[in-house]
Amino acid sequence: MGSSKKQTAVPVRTKVPSPEEVEKRNTVHINAETVTNVTSTDFPGFYPGEDHSWDIEKFRESVRVEFHQNDPYEAQFSLIGVDASIANAFRRIMIADIPTLAIEDIFMWNNTSVIQDEVLGHRLGLIPFTGGKEGLHNFLKWYKKGETPCDYNTVELELKVKCETNESAPADSKDPKELYHNAHVYAKDIKFVPKGRQAKYFSGENAIRPTNPDILVAKMRPGQEIDLTMHMHKGVGSDHAKFSPVATASYRLMPTITILEPILGRDAEKFQKCFPEGVIGLEKVTKEEAKKKGSGYEGHEGELKAVVLDAMRDTVSRECLRHDEFKDKVKLGRRRDHFIYLVESTGQWESDAIFLESIAHLKEKAKRFEKQVVNMVQ
């Protein structure tokens, strides 16, 4: 009989990288003609002796959100400590998965303007609308094809305008707005027709209305008329762009600017002009800096030096790398885990609420995926 040998598990040694190495790995290098270090390496087994397995506690400590601007229609914030796949998932959800209300069905009773019915219907469908948030998000439900339009799944609008000659217009006027009534048809001419319980949620300041009342819909001349009724339903941007809650949802990586050697005097002024306003500042070399050996500022007390004020304003144009005097004195890059978002709302959601809603949608997607994986392995 053969003897059995007991196998023992070999412990995995965890090598802790230096802060300099971590910084190097986490930076996309922007060179004069190339961009390097773009490949993802933060997965288990890539670096021998290091443990890069997923850890929820480590993720909770590292991830954070910092708002730079938070207005109802525009928000700019940083999402830090996540992978590009997660950052892009939020962006795609904000564009395509958050429901909004838009014009879906149009009943064209009369259209004698020069714009064809199909083109006019398309223009009306792309007009963004806003209204009471409680009614938009909670009261209104999804409409299914074939259902009877009701107050909880359909919003009715109407557009009735007729162009007529203005008898009191100045005789020498050539302006159509003076010569005719309703020469230009705007989004503000669209009227909301409340039905049933809609008056409770959409009245006064909460009434359904165009986000921008001055959107031009059509131009008409005397004798032309537009008479139509519209039904609005809920939808998502993945079905049609008119349902997208954002005009723009984009992100960029946080720029990094590292001054390796002192840039002084006229060179500092020239260096400042290589960047957008507010990125590089000019400061005087202090007495302490001028005394410090090896600082590069010896004997330059009182001279102007270039310093980084706000790297986030930079567009990474690489203009400074085109000048020979700066090539070895500055290093440009972008942080791989620092995403600067710009979200512009079309009006039905607050700009910051769109991001919060995208988080809720991603959690629901993850739960559904987890359930499918469990069912698959059972």
Side-chain angles (χ1 to χ4, degrees), residues 17-41 64 66-71 74-81 84 87 91 248-344:
S18 65
E20 293 77 13
E21 179 65 21
V22 172
E23 181 69 21
K24 181 180 178 181
R25 295 176 184 176
N26 200 35
T27 302
V28 175
H29 303 152
I30 308 296
N31 310 310
E33 301 293 341
T34 61
V35 179
T36 57
N37 197 35
V38 296
T39 306
S40 178
T41 59
R64 68 183 190 274
E66 298 177 357
F67 271 83
H68 312 297
Q69 177 186 357
N70 191 6
D71 299 325
E74 184 173 324
Q76 189 174 12
F77 58 91
S78 290
L79 178 61
I80 307 169
R91 183 191 66 85
T248 297
S250 62
Y251 65 75
R252 59 189 177 95
L253 293 177
M254 177 68 174
T256 62
I257 305 170
T258 306
I259 298 178
L260 304 175
E261 298 180 13
I263 303 176
L264 303 166
R266 292 185 177 180
D267 283 350
E269 296 177 0
K270 182 179 179 180
F271 185 72
Q272 184 186 42
K273 294 178 180 179
C274 292
F275 296 86
E277 185 177 354
V279 176
I280 300 298
L282 300 176
E283 297 180 359
K284 290 185 177 181
V285 177
T286 63
K287 187 176 182 179
E288 291 74 16
E289 290 174 328
K291 288 182 177 180
K292 188 176 180 181
K293 292 184 179 181
S295 65
Y297 296 118
E298 299 97 322
H300 296 283
E301 181 182 348
E303 290 188 34
L304 292 177
K305 65 174 182 177
V307 295
V308 180
L309 293 181
D310 188 0
M312 193 177 74
R313 293 174 176 264
D314 187 29
T315 57
V316 194
S317 66
R318 295 188 275 194
E319 173 64 25
C320 63
L321 300 180
R322 303 176 190 273
H323 304 279
D324 293 334
E325 59 266 40
F326 301 139
K327 283 186 176 179
D328 298 325
K329 294 184 177 182
V330 63
K331 188 175 182 181
L332 304 180
R334 292 203 176 196
R335 298 280 300 179
R336 300 167 63 94
D337 65 343
H338 190 145
F339 301 89
I340 305 171
Y341 282 81
L342 175 62
V343 178
E344 296 180 7

K.L.:
With rounding to the nearest 0.5 Å, note down the distance linking CG in Leu332 to CG in Asp314.
P.N.:
7.0 Å

K.L.:
Let's go through Lys270 and Asp267 carefully: what are the C-alpha distance in whole Å and the side-chain angles of both, what is the deciding distance for salt bridge (Lys or Arg N to Asp or Glu O under 4.0 Å) to 0.1 Å, and is it a yes or a no?
P.N.:
CA-CA 5 Å; Lys270 182 179 179 180; Asp267 283 350; over 6 Å; no

K.L.:
Please report the shortest heavy-atom distance between Glu319 and Cys274, naming the atom on each side.
P.N.:
CB-O, 3.6 Å

K.L.:
Please identify which of these residues, Lys284, His300, Lys305, meets the side chain to side chain donor-acceptor pair (under 3.5 Å) condition with Glu289.
P.N.:
Lys305

K.L.:
Can you check side-chain contact (heavy atoms from CB on, under 4.5 Å) on Glu269 and Leu282, steps first, answer last?
P.N.:
CA-CA 7 Å; Glu269 296 177 0; Leu282 300 176; 3.9 Å; yes

K.L.:
Any side-chain heavy atom of Leu264 sitting closer than 4.5 Å to one from Leu304?
P.N.:
no

K.L.:
Tell me every residue that passes salt bridge (charged side-chain N to carboxylate O under 4.0 Å, His left out) with Glu344, counting only those two or more places apart in sequence or in another chain.
P.N.:
none

K.L.:
Should Glu74 and Val343 count as side-chain neighbours, where that means a heavy-atom distance under 4.5 Å?
P.N.:
no

K.L.:
Please report the closest heavy-atom contact between Ser78 and His68, naming both atoms and the distance.
P.N.:
OG-NE2, 2.6 Å

K.L.:
Below 4.5 Å, heavy atoms only, C-beta onward: do Thr258 and Val330 meet side chain to side chain?
P.N.:
no

K.L.:
With a 4.5 Å limit on heavy-atom distance, are the side chains of Val35 and Val28 in contact?
P.N.:
yes

K.L.:
Evaluate the side-chain contact (heavy atoms from CB on, under 4.5 Å) criterion for residues Ile257 and Val279: first the C-alpha distance (whole Å), next the side-chain angles of each, then the deciding distance (0.1 Å), finally the verdict.
P.N.:
CA-CA 9 Å; Ile257 305 170; Val279 176; 3.5 Å; yes

K.L.:
Where do Ala87 and Tyr341 come nearest, in terms of heavy atoms and distance?
P.N.:
O-OH, 2.6 Å

K.L.:
Is a side-chain donor or acceptor of Gln272 paired with a backbone partner of Ile280 at a separation under 3.5 angstrom?
P.N.:
yes

K.L.:
Once the angle between the rings of Phe339 and Tyr251 is folded into 0 to 90°, is it parallel (under 30°), tilted (30 to 60°) or perpendicular (over 60°)?
P.N.:
perpendicular

K.L.:
Can you sort out the partners of Lys273 under salt bridge (charged side-chain N to carboxylate O under 4.0 Å, His left out), two or more places apart, ordered by chain and number?
P.N.:
none

K.L.:
Could you state the interatomic distance from CG (Asn37) to NE2 (His29), rounded to the nearest 0.5 Å?
P.N.:
4.5 Å

K.L.:
Do Leu309 and Val307 have side chains that get closer than 4.5 Å, going by heavy atoms?
P.N.:
yes

K.L.:
Give a yes or no on whether a salt bridge exists between Lys291 and Glu288, defined as a side-chain N under 4.0 angstrom from a carboxylate O.
P.N.:
no

K.L.:
Salt bridge (charged side-chain N to carboxylate O under 4.0 Å, His left out) with Arg64: which residues, sequence neighbours excluded?
P.N.:
Glu66

K.L.:
For Ser295 and Lys292, indicate whether the former's side chain and the latter's backbone hold a donor-acceptor pair under 3.5 Å.
P.N.:
yes

K.L.:
Looking at Arg252, Met254, Met312, which one forms a side-chain contact (heavy atoms from CB on, under 4.5 Å) with His338?
P.N.:
Met254

K.L.:
Say you draw a straight line from CG of Asp328 to CG of Leu260; how long is it, rounded to the nearest 0.5 Å?
P.N.:
8.5 Å

K.L.:
Using salt bridge (charged side-chain N to carboxylate O under 4.0 Å, His left out) as the criterion, list what pairs up with Asp71, not counting sequence neighbours.
P.N.:
none

K.L.:
So, Glu21 and Arg25, do they make that salt bridge, N to O below 4.0 Å?
P.N.:
yes

K.L.:
Could you work out, with ring pair (Phe, Tyr, Trp, His ring centres under 6.0 Å) as the rule, every residue matching Tyr297, not counting sequence neighbours?
P.N.:
none

K.L.:
List the atom of Asn70, the atom of Ala75, and the distance in Å for their closest heavy-atom pair.
P.N.:
OD1-CB, 4.3 Å

K.L.:
Counting only heavy atoms not in Lys329, do more than 12 sit closer than 6.0 Å to its NZ atom?
P.N.:
yes

K.L.:
Taking the side chain as C-beta and beyond, is there a heavy-atom pair between Asp337 and Asn26 under 4.5 Å?
P.N.:
yes

K.L.:
Enter the distance from Thr256:OG1 to Arg335:CZ here, rounded to the nearest 0.5 Å.
P.N.:
8.0 Å

K.L.:
Salt bridge check: are Arg266 and Glu325 linked by an N-O gap of less than 4.0 Å?
P.N.:
no

K.L.:
Do Glu303 and Glu283 make a side-chain contact, defined as non-hydrogen atoms from C-beta onward lying under 4.5 Å apart?
P.N.:
no

K.L.:
Looking at residues at least two apart in the chain, or sitting in another chain, which of them share a ring pair (Phe, Tyr, Trp, His ring centres under 6.0 Å) with Phe271?
P.N.:
Phe275, Phe326

K.L.:
When rounded to the nearest 0.5 angstrom, what distance separates CD in Glu20 from OG in Ser18?
P.N.:
4.5 Å

K.L.:
Could you tell me which non-hydrogen atom of Ile30 sits nearest to which non-hydrogen atom of Gly333, and how far apart they are?
P.N.:
CG1-CA, 3.6 Å

K.L.:
If I compare all heavy atoms of Pro276 with all of Thr315, which pair ends up nearest, and what's the gap?
P.N.:
CG-OG1, 4.0 Å

K.L.:
Any donor and acceptor pair, going by atom type alone, linking the side chain of Arg336 with main-chain N or O of Thr39 inside 3.5 Å?
P.N.:
yes

